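Below: one structure, written as structure tokens.
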Amino acid sequence: MTRYAPAETEKKWQKAWEEADVFRAERDESRPKYYVLEMFPYPSGRIHIGHVRNYTMGDVVARYKRSTGHNVLHPMGWDAFGMPAENAAMASGGHPKDWTYQNIADMRDQMKPLGLSIDWTREFATCDPEYYGQQQALFLDMLDKGLIYRKNAVVNWDPVDMTVLANEQVIDGKGWRSGAPVERRELTQWFFRISDFAEELLEALDGLEKWPEKVRLMQKNWIGKSRGLEMAFPLTEPAAGFDRIEIYTTRPDTLMGASFIGISPDHPLAKALEAENPEIAEFNAECRRMGTSEADLEKAEKKGFDTGLRVRHPLFPERELPVWIANFILMDYGTGAIFACPAHDQRDLDFARKYGLPVIDTFVALEDGKPVENEAFVPPKSEKVKWLDHFTGLDVATGEEAIEATIEKAEREGWGRGVTRYRLRDWGLSRQRYWGCPIPVVHCEACGTVPERKENLPVRLPDDVSFDQPGNPLDRHPTWRDVPCPKCGAPAKRETDTMDTFVDSSWYYARFTSPHADVPVDLAEAEYWMNVDQYIGGIEHAILHLLYSRFFARAMHLTGHLPGKAIEPFDALFTQGMVTHEIYLTRDENGRPVYHLPEEVDREKGVLKATGEPVEIIPSAKMSKSKKNVVDPVDIIARYGADTVRWFVLSDSPPERDVEWTAAGAEGAFRHLGRVHRLAHEIAASDAPANEHDEALERERHRAIDDVTRGIEGFAFNTAIARLYAFTNAIAKSQAGAEAKKRAVLTLAQLMSPMTPHLAEEIWAVLGGEGLIVNAPWPEADAKMLVEDTVTLPIQINGKRRSQITVARDLAREEVEKHALQDEAVQRALDGKAPKKVIVVPGRIVNVVV
RNA sequence: GCCCGCGUGGUGGAAUGGUAGACACAGGGGACUUAAAAUCCCCAGGCAGAAAUGCCGUGCCGGUUCGAGUCCGGCCGCGGGUACCA
């Protein structure tokens, strides 16, 4: 008998699929289509176990849908622009392009042995000029439609390297290479008007029924619709050309608790005051000496500066409030100015206590309402509270009621307007980097900003660049940068910023429907293939990538590049958990982390093998190359074969949950597949006659079909596999005849085929299945074979399981109760008394309360 | 800080509000073998007990319910996102 030898058989079946060209997807109106897509990878150079998990899940869905008669589109490509390629070029002197294409070749070589049912004829990389040229065409059409505009925005500026840093490159407020404290600096940048779509993107979330609730909730909160009041506080004396400060608040009901006005260091008034007051200039400069990330700003120590200016409270003209510049107020939200109500906002309270500002209660709890001391009183807006002499006359009311009453009063009296605002900001797409899609515009002194002509697309990245100095090499590339104006022909300069890589990944799913078209998307193909029926990817993309894609699909529709049906491009979304692994780090002389590979660390002693230096161990974190905690699955594939790895990653954990990676257990998966292989050969050689055990095995076969099918449909791959273990055990133990066993093993092979396609083909061939299993229709369970005549019910006494009874499946409730009360354990517990209550849940449980 | 998740045996995990620990991994015992490997069989949450069985047990505290791992409230811990990592 042949041993299970995946190294040989997996290649053989991959060749058979290739020769039959089974995974090529062609438009075919006569068959229902199914488009399954996994989030495409960044070509870091090595696949990691998270990729394997992601693509195996997608492959299970793709293969299952194929066998249920669908015309399946299952493509693969590369999210190939981005910072790591430039970092590699800076570190080792190569070119981002060479690095990227080499990585793609390497990763493709690592992926192919997995036997994924991918239509490789549709493969592309976002750094292919054929792709990014079409992206430039989309940009021009969107610019023409008014979906894109320019404005100033802040970036992280490294004053030593004289370059813009990504948030990731700012560590503890310092540039990652120079170590210099970063500054916030304003640049003119391109923006998508995504905030114009805030309401629509919010409302459409309700229709995404096949998306996880948590993702919809995250997006809802991110869009952040709020109802509030816009109003102005007049300055007691005009200053720096301002006579008032416009604020926006979602809690106008607490206006009488206002204790000061806070403005952002980037507020126009704050900037104007810098010219007059060197102390303010210094304070603002200090505030700007930090990164731009929201997390950093919010977590930074709260600091303020009293401008000395005063405003008059519009409702209580006798009250004057001081105007402070505060580092925690963001210019991007609202108007960049707030009124602070320390009694009902913890951050305001901390600030007030620090600077000795008043704390004025506006409401207290209904029961034992006490004034605020060191903890702000912030009940839910829907909770009734006792108002203290409220200006609307309310006494006991909820926050919501008080807000509405305040807005109504403000509008009636003319000192404020109720407005709806969104937290969502426009999407800045400019990046001051080389390795991205060039923004196809030219800046002309006479004509201003001029779009490139479409016939000149793609605007190709120049190859002759170097990364031996910091900054964007496009800025110092005269023959690429200096071009004639497309409009007037005068000397002009190309835009040297490139696009955010999120733009690349916001439409690749549409490009896959016609990857070689000479327009961005062939509408006939998109009409057939869109939408993506099942999208699969990491939960870390729950907001940005998915929200940008939803916006971009709408923008593409408005510019005629997608049919209206595709404005929500992903019908169903599954967010897989991340594969995590320990991180090992030491610190350099400046306290900055230095990461180490697992093999460099003595895990037992917690030290570096080479130096004996102690390492910090972070127990669990997302795998990332920069943190050096990526585990390479290639060795395991080489050792056990693709089917074992596929089986193992699916069986190991529920797909939506994060998993700490450990290879322990892969061996067991391999042994099991070997067992299935052996079982198939034994049964193929058997001629045991039909007998009385056949029916039981046949019933088990139908139950397995039913359970596994439901497991796959519901993304419960781990339990589907547990069921397949049980089915295998049942076949092995069964004494049924050879025919019944053959039927069972053929079904086992089919049920396993989405997970372990090579082994399934092998078994199918051994047992004389017709053609390739990949082309065989999915087995169907006979409902009649699934029902049992009797059912065993647990009996609880006072909610604790004490006994059980076996009764006919359809026995009446009263009869079940009667039987249960006869039970010995129940009799003992009752001790002759009548039960207080008996609960019978038919088919499930009996609970006797004594 | 804010938003969203997650927390169950030695380990991965299972469980429409209804028998907590399915199915595995690691482990222990046994069969086969000269031996080993491979394979097959059995055991296995904790405590007490020879056993029957009893008590305890799903991060912690409280609540709803005949019944809570599951629902609600409050904590603790961990993870993701936080708009220039992808």
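None of the values given here were measured: they were computed from a predicted structure. Naming convention: chains lettered A, B, ... in sequence-line order (proteins, then strands); numbering from 1 in each chain.
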Taking the side chain of [X] as heavy atoms from C-beta outward, which of [options] is closest to it?
X         : options                   : answer
Met218(A) : rC23(B), rC4(B), rC84(B)  : rC4(B)
Tyr548(A) : rU19(B), rA14(B), rA83(B) : rA83(B)
Ile539(A) : rG67(B), rU82(B), rG80(B) : rG80(B)
Asn221(A) : rU82(B), rC4(B), rA14(B)  : rC4(B)

Next item on the list: If rC23(B) has a Watson-Crick or G-U wobble mate with both distances under 3.5 Å, name it; if not, just say none.
Entry: rG12(B)
Notebook entry, point to check: What is the pairing partner of rG5(B), taking Watson-Crick or G-U wobble pairs with both distances under 3.5 Å in any strand?
Noted result: rC78(B)
Tell me if the centroids of the rings in [X] and [Y] come within less than 6.0 Å of each other.
X         : Y         : answer
Phe192(A) : Phe552(A) : yes
Tyr640(A) : Phe648(A) : no
Phe197(A) : Trp427(A) : no

Is any side-chain N or O of [X] closer than 4.0 Å to OP1 or OP2 of [N]?
X         : N       : answer
Asn729(A) : rC23(B) : no
Asn167(A) : rA83(B) : yes
Arg675(A) : rC40(B) : yes
Lys800(A) : rU53(B) : no
Arg828(A) : rU53(B) : no
Thr501(A) : rA86(B) : yes
Asn718(A) : rA14(B) : yes
Lys837(A) : rC66(B) : yes

Send over the distance from [X] [atom1] to [N] [atom2], rounded to a whole Å.
X         : N       : atom1 : atom2 : result
Leu217(A) : rC3(B)  : CG    : P     : 10 Å
Met83(A)  : rA86(B) : CE    : C1'   : 9 Å
Ile636(A) : rC25(B) : CD1   : C1'   : 15 Å
Arg657(A) : rG69(B) : CZ    : P     : 16 Å
Lys303(A) : rG1(B)  : NZ    : P     : 18 Å
Arg671(A) : rU39(B) : CZ    : C1'   : 11 Å
Asn798(A) : rU65(B) : CG    : P     : 16 Å

Span that lies between the [atom1] atom of [M] and that of [N], in whole angstrom:
N       : M       : atom1 : result
rG74(B) : rC3(B)  : P     : 12 Å
rA38(B) : rC25(B) : P     : 13 Å
rG13(B) : rA22(B) : C1'   : 10 Å

Next item on the list: Would you check if Lys302(A) and Asp350(A) make a side-chain contact, meaning some heavy-atom pair closer than 4.5 Å?
Entry: no
Next item on the list: Tell me which of Lys302(A) and Arg801(A) sits closer to the 5' end of RNA chain B, going by the nucleotide each one is nearest to.
Entry: Lys302(A)
Check: Quick one: on RNA chain B, does Gln804(A) or Thr719(A) contact a more 5' nucleotide (nearest heavy atom)?
Finding: Thr719(A)
Checklist line | His545(A) and Tyr508(A) aromatic ring geometry - parallel, tilted or perpendicular at 30°/60° bounds | finding: tilted
Next item on the list: Indicate the ring-plane relationship of His677(A) and Tyr4(A), choosing parallel, tilted or perpendicular according to the 30° and 60° boundaries.
Entry: tilted
Does any donor-acceptor pair link the side chain of [X] with the base of [N] at a separation under 3.5 Å?
X         : N       : answer
Glu294(A) : rG1(B)  : yes
Arg723(A) : rC23(B) : no
Gln432(A) : rC84(B) : yes
Gln219(A) : rC4(B)  : no

Check: Do other residues, nucleotides or ligands put more than 12 heavy atoms under 6.0 Å from Lys354(A) NZ?
Finding: yes
